[in-house]
Amino acid sequence: MMAAMVLGVRLEPGVPRPGTTRLPAVPRSATLDQFVEVSGKAGIHFKLTSGGPEKRYIIEAKGGGGAAWIDYNHDGFPDLFLVNGSTFEHWKRGDSPPSRLYRNNGDGKFTDVTLGSGLDHTGWGMGVCVGDYDDDGHDDLYVTYYGGNVLYHNNGNGTFADVTGKAGVRGHGWGMGCAFGDYDNDGRLDLYVANYLDVDINHLGEPGSAPNCTYRGISTFCGPRGLPGGRDILFHNNGNGTFTDVTEKAGIDPDKYYGLGVVWGDYDKDGRPDVYVANDSTPSSLYHNNGDGTFTDVGVPAGVAYSGEGQEQAGMGTDFADYDNDGWPDLVKGNFSDDTKNLYHNNGDGTFTDATYVAGLGDAGWLFTTFGAKFLDYDNDGWKDVILANGQVFPQIDRYQTGITYAERKLLFHKRGPGQGGVKFDEVGLRSGPGFAAKKVSRGLAVADYDNDGDVEILVTNMNDSPDLLRHAHKNPRHSILVQTVGTRSNRDGIGAKVTVATGGLTEYDEVRSGGSYLSSSDLRLHFGVGAATKIDRLEVSWPSGQKDAATNLSVDRIFVVKEGQGVVETRPLRKAPEVRK
């Protein structure tokens, strides 16, 4: 792990580093939304298995936790898939606990429909991504594992089929983050898989046995430093149900960095999707799509490979979004403790500026180990906020007076609007209800408006524990819309489509993405908060094919289905859900 230190000073969570100033008080408007944890009430009874309590080996601490929102039965309500891990005992016996699929009943509750679904592969599961790879109108699942990944084809009847062998996408080594994206704009979804280490987990070093097996003088598991990295994989979709490994030809990951989080995004808006990979303890990579089937890692010249101080970091979860509504996708990335998290502002010229401290994310996140990282507009004010899911990797850290704890609370950064110091975020997690106050060892993070009420809900997975499903306790008075894209010439999901929503003086921009955060995949529908606006002046979709569709003078609090070449083909009202009693 990459870990910078402030020597000789014990720092408590929320206390600024020496030489910095305390952040200003949080505006009252940013503290109105309270979240409660409702997984049990919603019928999600799941425990993420990942190693033993001591976390003696790196796979026990870093493996597992992927979550995906997927409307597998096409009923308009996102369902939930949770990836399970294993223990060495289960791994050796071949009886690792299964992953789980929960059907959304449409009434705020879920039903476990794993049995008979065909999602029966077990092993040391890691991450998951969603995409309709064969354009048949049914979203499929790709699940990463240590030792070989699995592609599940959605049969359209509530079941899935393991087509990994036929498709040629098993991969190799230790798969982690994954994401579907059409890099050559041929209308078919390709697949990027981040690989972490190239190791035999049955022969990992013992804690404290080498310099790379300690942290702050404490004996810990070994790695990732000192262990061989695994090369990421780029699979090209051949259009006949099979894929070709084009990693070497495309110039992907020749240095075999320790890959974790993956997200596609056209950062320079040249019409070709690029990909960002958060690497652990090595420079992170921004692969610029050259348009000829090859990529160039421009992470260093673009300013997103290192911290603002030019240091390698332990990157984990990552996401693209336009947080300042200037029309350019920015980046967020989670890192290890004793280090900042990253908020990279897109300058619109192919470069980024590390705005972490300027924006107010620096001091608040310093002692936290961040895995899940996601942009979202949780209060529907039209400005993207940031949520970070945190949890250390060393349980033994609790035995020492370091200011760092194994279980950590989640961080929620509220974006200030114009007139409120709009460049800044305020950390409001402790003011955001019991759902954010609890300390967990969190990993995966994915968001969706699962009850179609206009507010985004948050799913966080927790090591050796149940997940957190966080939803608003009170009705949100602000308005919003959901946009679902259906491609015809472009891929069926519209992944890579750019959506612009204009309301009065506010213009918001986002892209449809698969994967992202930490090993997870959020709702493919785009959520836009629009504040007090009562109509959408203009909704425009720019498709990967080059087609543009637009509609004007639309009502708010609606779900819009936009079909390529036809525009808005379906409109449904959002359902304002009742308040949740604490």
Side-chain angles (χ1 to χ4, degrees), residues 1-4 13 61-67 126-127 176-177 179 194 196 224 257-263 276-286 299 304-308 311-321 323 330-344 352 354-357 359-376 384-393 404 406-413 425 427 429 436 440-447 458-463 468 515-522:
M1 297 292 172
M2 187 66 196
K62 302 297 282 289
M126 302 293 161
M176 293 295 273
Y196 192 45
Y257 291 147
Y258 307 128
L260 290 175
V262 179
V263 62
Y276 184 72
V277 184
N279 293 316
D280 188 358
S281 303
T282 47
S284 290
S285 299
L286 177 60
V304 293
Y306 302 105
S307 69
Q311 298 295 315
E312 294 176 350
Q313 296 174 286
M316 287 174 274
T318 187
D319 193 26
F320 270 117
Y323 74 81
D330 309 297
L331 268 170
V332 67
K333 177 166 68 76
N335 298 306
F336 201 64
S337 58
D338 289 326
D339 200 353
T340 65
K341 315 320 151 200
N342 299 122
L343 182 69
Y344 294 114
F352 293 75
D354 190 331
T356 307
Y357 274 103
L361 274 67
D363 292 322
W366 183 261
L367 291 181
F368 292 84
T369 294
T370 297
F371 281 83
K374 192 84 180 88
F375 287 106
L376 77 168
K384 288 291 192 291
D385 312 298
V386 173
I387 178 174
L388 303 179
N390 308 301
Q392 249 285 342
V393 298
I404 299 173
Y406 182 51
E408 299 174 327
R409 69 178 178 91
K410 305 164 193 66
L411 296 174
L412 182 62
F413 292 92
F425 290 77
E427 205 288 296
F436 273 88
K440 305 286 184 71
V441 185
S442 300
R443 293 295 183 261
L445 165 63
V447 303
I458 302 160
L459 190 287
V460 178
T461 64
N462 302 300
M463 298 283 278
D468 289 332
S517 185
Y518 184 70
L519 314 186
S520 298
S521 203
S522 293

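Count residues from 1 along the sequence.
Among residues two or more places apart in sequence or in another chain, the salt bridge (charged side-chain N to carboxylate O under 4.0 Å, His left out) test is passed with D468 by K410, K440. Partners of K333 according to the salt bridge (charged side-chain N to carboxylate O under 4.0 Å, His left out) rule, which considers only residues two or more places apart in sequence or in another chain, do not exist here. Here Y406 pairs with nothing under the ring pair (Phe, Tyr, Trp, His ring centres under 6.0 Å) rule; sequence neighbours left out.
Between the side chain of S284 and the backbone N or O of N279, at least one donor-acceptor pair lies under 3.5 Å. Side-chain atoms of Y258 come within 3.5 Å of backbone N or O of P224 as a donor-acceptor pair. Between the side chain of T370 and the backbone N or O of G334 there is no donor-acceptor pair closer than 3.5 Å. When atom types are taken as modelled, the side chain of S442 and the backbone of A389 share no donor-acceptor pair closer than 3.5 angstrom. Side chain of Y257 to main chain of V277: no donor-acceptor pair is present (N/O by atom type, distance under 3.5 Å, no hydrogens or angles).
Residues T369 and S337 share a closest heavy-atom pair of OG1-N, 3.2 Å.
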Are Y518 and T461 close enough, and set up right, to give a side-chain contact (heavy atoms from CB on, under 4.5 Å), and what steps lead you there? CA-CA 10 Å; Y518 184 70; T461 64; over 6 Å; no
Working note: D280 + K62, criterion salt bridge (charged side-chain N to carboxylate O under 4.0 Å, His left out); need CA distance, chi angles, decisive distance, verdict. CA-CA 11 Å; D280 188 358; K62 302 297 282 289; 2.8 Å; yes
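At a threshold of 4.5 Å between non-hydrogen side-chain atoms, the residues F371 and N390 do not count as touching. Counting heavy atoms from C-beta on, the side chains of F413 and D385 never come closer than 4.5 Å. Two residues are said to be in side-chain contact when any heavy atoms from C-beta on lie closer than 4.5 Å; L445 and S520 fail this criterion. The side-chain heavy atoms of Y276 and V262, taken from C-beta on, include no pair separated by under 4.5 Å.
Between Y323 and F375, the ring planes lie parallel to each other; the angle is under 30°, not in the 30° to 60° tilted range.
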